[in-house]
2 protein chains.
Amino acid sequence: MKVNDHRIHFLYEAWRSGSMRAAADFLEIAPSSVSRQIAQLETEIGTALIEHGRREISLTDAGHAVIDYYRARQTGLELLEGQLLEISTARTGHVEIAIGEGFLGPALYDTLDHFMDDYSGINLTVSVTDTTSMMRLLLEDEVHFGVGFHPVSHPQIVSRYRATVPLMAIMNTENSLAQRRSMTMQELCAEPLALMGSNFRIRQMIDEAAINNGLLISPVVTSNSIALLARMALADRAITVLPAFSVSAELACGQLSAVSIQAPQLQSVYVHLLARRNRRFPAHLSELADQIRKRLLPSALSSSNE
Amino acid sequence: MKVNDHRIHFLYEAWRSGSMRAAADFLEIAPSSVSRQIAQLETEIGTALIEHGRREISLTDAGHAVIDYYRARQTGLELLEGQLLEISTARTGHVEIAIGEGFLGPALYDTLDHFMDDYSGINLTVSVTDTTSMMRLLLEDEVHFGVGFHPVSHPQIVSRYRATVPLMAIMNTENSLAQRRSMTMQELCAEPLALMGSNFRIRQMIDEAAINNGLLISPVVTSNSIALLARMALADRAITVLPAFSVSAELACGQLSAVSIQAPQLQSVYVHLLARRNRRFPAHLSELADQIRKRLLPSALSSSNE
DNA sequence: AAAATGTGTTGCAAAAAGCGCAACTACTAT
DNA sequence: ATAGTAGTTGCGCTTTTTGCAACACATTTT
């Protein structure tokens with residue numbers, strides 16, 4: 001059954017005003033239009049909606065049912081308008097981002113806190129993932145952007161910002177190497193190591209640096225949890241390799257120390273804000289991306305591609 | 001804010017089908033139309049509804065809100081269709097009638113019972129009124145029709161059917177006059193009378209008949225309740241004047257007797273099914289009117305006017 | 001009872017909205 | 001890179017809607 005909303009609107013106004021002419025006046029339209037639209041609606045529905053052959057409008061039972069529907073629809077519409085207003089002022093919406101686990105920490109928490117305060121009502125989803133999962137999430141449009149170490153290049157994924165984040169050897173302050181300003185890959189490999197699994201880009205880069213020096217990495221502990229790796233370093237059972245900010249809290253209070261590693265691959269590690277190609281961010285999204293850039297990637301550069 | 005339903009429909013189908021072309025195919029329409037309608041909707045609303053610049057359709061938050069609205073509207077529409085179907089098959093609706101009190105009785109009850117069985121779901125309102133109230137109800141379209149003794153003529157009220165219903169002197173079977181075949185107005189006026197109030201047409205006709213005979217009516221009991229009048233007759237405290245069917249039950253079981261009155265005005269009393277001029281009854285209404293005609297007005301004639 | 005007033009309705013031409021076709025740009029995949 | 005398929009846009013055509021005016025009718029007033 002075809003029910004044209006436009007026609008129901010005329011019927012409603014005619015009923016509300018009491019006569020077609022009054023409705024026509026109110027709608028700034030010719031009375032004939034009102035009459036015809038109502039008549040048309042009646043033939044489409046197949047039932048009389050108003051009591052014809054009278055001076056003024058009075059509805060049949062079917063007519064009452066129709067305007068009841070119309071009024072329900074109207075309230076639904078007002079609801080929609082409210083939602084659209086909220087969305088347009090960015091007071092609601094979805095933001096879904098993926099973050100490499102190395103970025104969990106006070107800086108991220110602060111950033112998210114500020115964002116959620118500014119855009120209360122925004123539904124925020126943060127997936128903490130490894131590199132391969134982030135690729136999948138980005139490619140399948142399940143997240144708006146991701147923050148991670150640059151993965152293998154893919155034509156559909158581009159970097160919006162990047163920042164140098166050297167990987168450091170993280171160890172207990174009591175460790176014999178803790179006071180050194182830097183150390184070599186050989187020295188590193190001689191120590192017991194706690195590293196991430198091979199599907200993390202951090203680990204892949206460490207492996208690469210080791211191979212370039214003809215060395216072999218054989219960590220005593222492998223984990224996908226930064227917290228666990230830090231715990232190993234804290235207990236001085238192993239040295240781990242991470243960006244400094246991943247353990248900034250422990251570094252600040254002097255429990256852990258970070259020592260630079262003499263390997264070009266580990267010095268020129270970039271962190272990227274990654275997104276799918278040709279995606280344009282709505283206002284609140286670019287706002288969040290910007291805040292993340294400022295607080296998590298303080299040395300960030302705009303990188304238009306790759 | 002203007003939200004054209006037609007456009008939302010296209011948006012919905014595009015979303016459901018996954019692409020505009022698929023939607024266009026489904027709707028048997030050109031893809032360009034879909035694109036344009038969605039674009040138009042976006043400019044009217046003032047927000048992007050789909051993520052443009054992609055191969056396939058994916059909705060923005062605003063788009064999701066819109067199709068949520070559309071789906072709610074759709075269920076409302078299905079509800080409406082159900083209601084209209086019920087109404088068209090006359091399984092629901094309103095019937096409002098006015099009835100002179102003289103008609104309350106088994107015949108009316110039976111008629112209404114049958115009608116309500118045949119049209120279960122119909123909302124039936126029966127107003128029991130005096131003549132002047134019935135006039136008002138009819139004139140203000142508050143009832144569909146009325147059954148009563150013909151009131152003072154009014155240009156806006158016409159009679160659909162009429163039937164002769166002579167007014168009889170109703171008295172206890174034990175009354176000395178009860179075995180008479182008829183009686184005169186003089187004899188009637190000599191008895192203690194229990195009659196309706198002056199705003200009932202029955203009473204007006206009795207008064208008229210008395211005046212024509214140079215008599216004066218002074219009832220010992222006046223009431224607007226037929227039941228009370230019958231009670232007076234039953235107790236043999238008075239004689240009352242009513243149509244026979246008003247007390248058919250008591251007549252049938254021999255408690256009361258009805259005696260004809262020799263007065264032309266009271267012999268040619270008509271009962272009418274009254275309605276406002278130029279009102280056409282829907283199916284269930286004329287059905288009820290017809291049933292009332294057959295059962296309450298067995299000697300009915302079609303009376304096209306007045 | 002008849003005229004007057006305001007109602008809904010209908011015919012026809014003008015205006016507006018929607019549509020299809022075809023060419024175009026752009027995203028995605030091989 | 002290249003082909004294929006998606007959305008978009010310009011233009012002419014069709015369908016729908018509108019306005020004006022005249023009409024038919026209900027209701028009120030005289």
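The structure displayed is predicted, hence computed values, not measured ones. Numbers restart at 1 for each chain; the letters A, B, ... are given by sequence-line order, proteins then strands.
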A:Met20 CE - D:dA26 C1' separation (whole Å): 14 Å

Using a 6.0 Å distance limit plus a 45 degree cone around the ring axis, check whether A:Arg16 lies over the aromatic ring of A:Phe26. yes

Nucleotide of D:dT8, D:dT27, C:dT9 approaching A:His52 most closely (side-chain heavy atoms): C:dT9

Does D:dT17 have its OP1 or OP2 closer than 4.0 Å to a side-chain nitrogen or oxygen of A:Asn4? yes

Could you walk me through whether A:Glu287 and A:Gln291 pass the side-chain hydrogen bond (donor to acceptor under 3.5 Å, both in side chains) test, one step at a time? CA-CA 6 Å; A:Glu287 174 66 23; A:Gln291 289 187 18; 2.9 Å; yes

Taking only side-chain N and O atoms of A:Arg7, does any of them lie within less than 4.0 angstrom of OP1 or OP2 on D:dT17? yes

Counting C-beta onward and ignoring hydrogens, is there a side-chain heavy-atom pair between B:Leu11 and B:Leu59 closer than 4.5 Å? yes

Using a heavy-atom cut-off of 4.0 Å across all strands, would you classify A:Glu28 as base, sugar-phosphate, or nothing? sugar-phosphate

Test A:Asp290 against A:Lys294 for salt bridge (Lys or Arg N to Asp or Glu O under 4.0 Å), laying out the working first. CA-CA 6 Å; A:Asp290 203 50; A:Lys294 283 180 185 158; 3.3 Å; yes

Closest to the B:Ser32 side chain: D:dG19, C:dC19, C:dA22? C:dA22

Could you tell me how far apart A:Asp25 (CG) and C:dG6 (P) are, to the nearest whole angstrom? 14 Å

In whole Å, what is the span from the NE2 atom of A:His9 to the P atom of D:dT17? 15 Å

Is there a side-chain contact between A:His6 and the phosphate of D:dT18, meaning an N or O under 4.0 Å from OP1 or OP2? yes

How many Å lie between CG on A:Leu41 and P on D:dT16, as a whole number? 15 Å

In whole angstrom, give the distance that lies between atom CD of B:Gln40 and atom P of C:dA17. 8 Å

Measure CD/B:Glu51 against C1'/C:dC27 and give the value in whole Å, please. 14 Å

Starting from P on D:dA6, measure out to CD1 on B:Ile50 and report it in whole angstrom. 14 Å

Interatomic distance, B:Leu27 CG vs C:dG18 C1' [rounded to whole Å]: 14 Å

Quick one: is A:Ser33 getting a side-chain N or O under 4.0 Å of the D:dT18 phosphate, OP1 or OP2? yes

Assuming nearest nucleotide by heavy-atom distance, tell me which of B:Asp141 and B:Ile38 is located more 5' along DNA chain D. B:Ile38

Of the candidates C:dC19, D:dT8, C:dT9, the side chain of B:Arg36 sits closest to C:dC19

Reckon A:Ser19 touches a base, only the sugar-phosphate, or nothing at all at heavy-atom distances under 4.0 Å? sugar-phosphate

Of the non-hydrogen atoms in A:Phe115 and A:His284, which two are nearest, and what is the gap between them? CE1-O, 3.4 Å

Closest to the B:Ala30 side chain, choosing from C:dG20, D:dG7, C:dC19: C:dG20

Of the options D:dT9, D:dG19, D:dG7, whose atoms approach the side-chain atoms of A:Ile29 most closely? D:dG19

Does B:Asp207 form a salt bridge (Lys or Arg N to Asp or Glu O under 4.0 Å) with B:Arg203? I'd like the steps, not just the answer. CA-CA 6 Å; B:Asp207 284 348; B:Arg203 171 65 184 277; 3.0 Å; yes

Pick the nucleotide of DNA chain C nearest each of A:Arg54 and B:Arg21; which residue has the one closer to the 5' end? A:Arg54

Does a side-chain N or O from A:Arg276 land closer than 4.0 Å to OP1 or OP2 of C:dT28, or not? yes

Return no unless some side-chain N or O of B:Gln37 is found under 4.0 Å from OP1 or OP2 of C:dC19. yes

